[in-house]
Amino acid sequence: MTTTIIALGTGAAFTMQNWQTNFIIQRNGKNLLIDCGSDIRWSLKENDMSFKDIDAVYVSHAHADHIGGLEYLGFTKYFTRRAMLQNNVQDPMKLSTLFCERGLICSIWDNSLRGGMEGLEGIDATIDTYFDVQPVNKNGSFIWEGLRFDIVQSLHISAKYKIVDSFGLMFTDDNGKRIYITTDVQFAPETSMKAYYKEADVIIHDCETLYRSGVHAHYDDLKTLSKDIKEKMWLCHYQDNVLDDWNNWKYKAQTDGFKGFLKQGVVFYDYDDLLKTNKMNF
């Protein structure tokens with residue numbers, strides 16, 4: 001049994017070239033979508049997929065490049081399933097399972113999705129109308145297709161009186177290797193991030209490359225990490241300036257000791273594939 005990771009997109013929120021950073025994890029013929037940004041229908045299409053292929057989705061936090069495609073996914077699944085039921089189709093399409101930190105569920109519905117999705121003819125819809133919602137406790141985990149995914153609470157934004165977290169994922173592949181997808185995080189190596197870096201065998205890390213927003217890890221900070229951390233780190237969620245000067249940034253990342261920048265469409269067929277730096281050479 002193998003676990004495949006597909007980078008549907010590896011760009012920042014406002015990318016014009018690379019699709020937003022969302023991933024597919026494939027296992028047992030099933031697909032788990034990691035974050036569901038506004039670009040998702042286009043990034044799926046470019047990878048010969050559609051909403052029909054999404055069995056489950058995990059949401060890390062409530063920004064549009066991570067949840068902006070949930071309306072598309074929820075509506076298309078709901079109406080397709082309803083038509084199948086009305087036509088007595090055997091084994092109708094199931095709603096996608098939604099894994100999400102428990103406290104985020106109400107926030108996502110009330111602050112983002114409700115305005116467009118609450119009104120259905122004859123129905124007062126809720127988030128459960130569109131998804132099989134499976135809340136995950138903070139510092140908890142969920143099981144999908146035999147894999148355990150631990151959610152990793154990390155600092156994304158310190159607003160004036162409020163902390164906005166992003167919940168990354170740590171999971172163990174069939175060969176016992178730990179894979180860490182940070183989602184959106186600040187650079188904070190002296191916090192619990194230090195332990196996460198040490199625990200992981202491969203890291204897929206948030207990395208901005210242009211201005212310093214203060215809410216994402218910046219390349220110039222990440223390159224100060226120790227050699228043993230950088231050499232297991234793939235970089236994603238970067239701005240379009242990387243693609244505008246790809247060869248130079250590719251060389252820079254290799255010289256600075258990273259595995260490299262991930263490009264949209266790259267497929268890792270197993271853990272050993274994650275170790276190959278030639279995944280950035282296309």
Side-chain angles (χ1 to χ4, degrees), residues 6 8-9 13-14 19-138 140-145 149 151 162 164-167 169 183:
I6 302 171
L8 293 178
F14 310 119
W19 307 130
Q20 294 159 343
T21 295
N22 299 166
F23 296 93
I24 287 280
I25 296 181
Q26 290 183 334
R27 186 174 170 84
N28 300 333
K30 303 289 187 179
N31 295 303
L32 170 64
L33 177 63
I34 306 299
D35 283 325
C36 185
S38 307
D39 294 343
I40 195 63
R41 63 190 186 277
W42 304 111
S43 59
L44 284 171
K45 181 179 179 181
E46 195 161 301
N47 287 272
D48 298 319
M49 302 177 75
S50 76
F51 71 92
K52 298 177 183 178
D53 298 298
I54 304 304
D55 301 288
V57 57
Y58 171 78
V59 170
S60 64
H61 64 292
H63 287 164
D65 54 322
H66 298 265
I67 66 164
L70 287 177
E71 182 172 316
Y72 155 76
L73 181 61
F75 271 138
T76 50
K77 282 273 190 152
Y78 173 82
F79 285 115
T80 302
R81 173 178 168 79
R82 189 176 73 171
M84 288 179 165
L85 291 170
Q86 290 170 343
N87 289 285
N88 297 314
V89 174
Q90 290 187 343
D91 193 23
M93 178 184 295
K94 295 180 181 179
L95 300 178
S96 296
T97 301
L98 173 61
F99 296 107
C100 183
E101 192 275 325
R102 186 176 297 277
L104 277 176
I105 295 172
C106 288
S107 176
I108 289 170
W109 177 253
D110 290 337
N111 299 328
S112 298
L113 300 181
R114 188 173 186 173
M117 301 183 77
E118 184 178 36
L120 283 175
E121 188 67 25
I123 299 175
D124 290 327
T126 69
I127 195 169
D128 297 285
T129 306
Y130 302 100
F131 299 96
D132 174 16
V133 180
Q134 299 294 320
V136 184
N137 291 328
K138 195 172 290 186
S141 62
F142 64 92
I143 305 295
W144 178 79
E145 293 301 314
F149 292 82
I151 68 170
K162 183 179 180 180
V164 178
D165 293 315
S166 184
F167 293 87
L169 288 176
T183 69

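In what follows, residues are counted from 1 in the order of the sequence shown. Note that these values count all heavy atoms, side chains included, but never hydrogens, waters or copies made by symmetry.
Contact detail for N137 and R102: the closest heavy-atom pair is OD1-NE, 2.9 Å. Counting all heavy atoms, side chain and backbone alike, G69 lies closest to I40 at CA-CG2, 3.7 Å. Of all non-hydrogen atoms in A62 and I67, the two that sit nearest each other are O-CD1, 3.5 Å. Shown here for W109 and A125, the closest heavy-atom pair between the two residues is CZ2-O, 3.4 Å. Nearest approach of N28 to E145, heavy atoms of both residues: ND2-OE1, 2.9 Å. Scanning all heavy atoms of the two residues, the minimum distance from T183 to S166 falls at OG1-OG, 2.7 Å.
The shortest distance between side-chain heavy atoms of L113 and I108 falls below 4.5 Å. Side-chain contact between L44 and W19: absent, with no pair of heavy atoms (C-beta onward) separated by less than 4.5 Å. Put simply, the side chain of L70 reaches to within 4.5 Å of the side chain of F131, judged on heavy atoms. Put simply, the side chain of F167 reaches to within 4.5 Å of the side chain of K138, judged on heavy atoms. Contact annotation: the side chain of L95 approaches that of R81 to within less than 4.5 Å [non-hydrogen atoms, C-beta and beyond]. For the pair M117 and Y130, the minimum side-chain heavy-atom distance is below 4.5 Å. Inter-residue side-chain proximity for S43 and Q20 is flagged as unmet; no heavy-atom pair is nearer than 4.5 Å. At least one side-chain heavy atom of I6 sits under 4.5 Å from a side-chain heavy atom of Q26.
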| task | Could you please spell out the steps behind the side chain to side chain contact (heavy atoms under 4.5 Å, CB included) verdict for W144 and I25? | result | CA-CA 10 Å; W144 178 79; I25 296 181; 4.1 Å; yes
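The CG atom of N31 sits 6.0 Å away from atom CG of D53, with the distance rounded to the nearest 0.5 Å. Between the CD1 atom of I105 and the CD atom of Q134 there is a distance of 9.0 Å, given to the nearest 0.5 Å. Note: S60 OG to L169 CG = 8.0 Å, rounded to the nearest 0.5 Å. To the nearest 0.5 Å, the span separating CD1 on I24 from CG on L32 amounts to 7.5 Å. Rounding to the nearest 0.5 Å places NZ of K94 at 12.5 Å from CE of M84. Within the model, atoms OG1 of T80 and CE of M93 stand 5.0 Å from one another, a figure rounded to the nearest 0.5 Å.
When each of I151, L33, L98 is paired with Y58, the side-chain contact (heavy atoms from CB on, under 4.5 Å) condition holds for I151 and for no other. The side-chain hydrogen bond (donor to acceptor under 3.5 Å, both in side chains) with H66 is formed by just one residue from the set N22, D35, T21; it is D35.
The main-chain N or O of A64 is found under 3.5 Å from a side-chain atom of S38 such that the two form a donor-acceptor pair.
Ring centroid separation for the pair F99 and F149 does not come in under the 6.0 Å cut-off.
For the side chain to side chain donor-acceptor pair (under 3.5 Å) test, no residue two or more places apart in sequence or in another chain qualifies with D55. Every residue two or more places apart in sequence or in another chain that forms a ring pair (Phe, Tyr, Trp, His ring centres under 6.0 Å) with F79 is listed here: F75.
Listed by first and then second residue, the salt bridge (charged side-chain N to carboxylate O under 4.0 Å, His left out) pairs that reach into residues 118-135 are R114-E118, sequence neighbours excluded.
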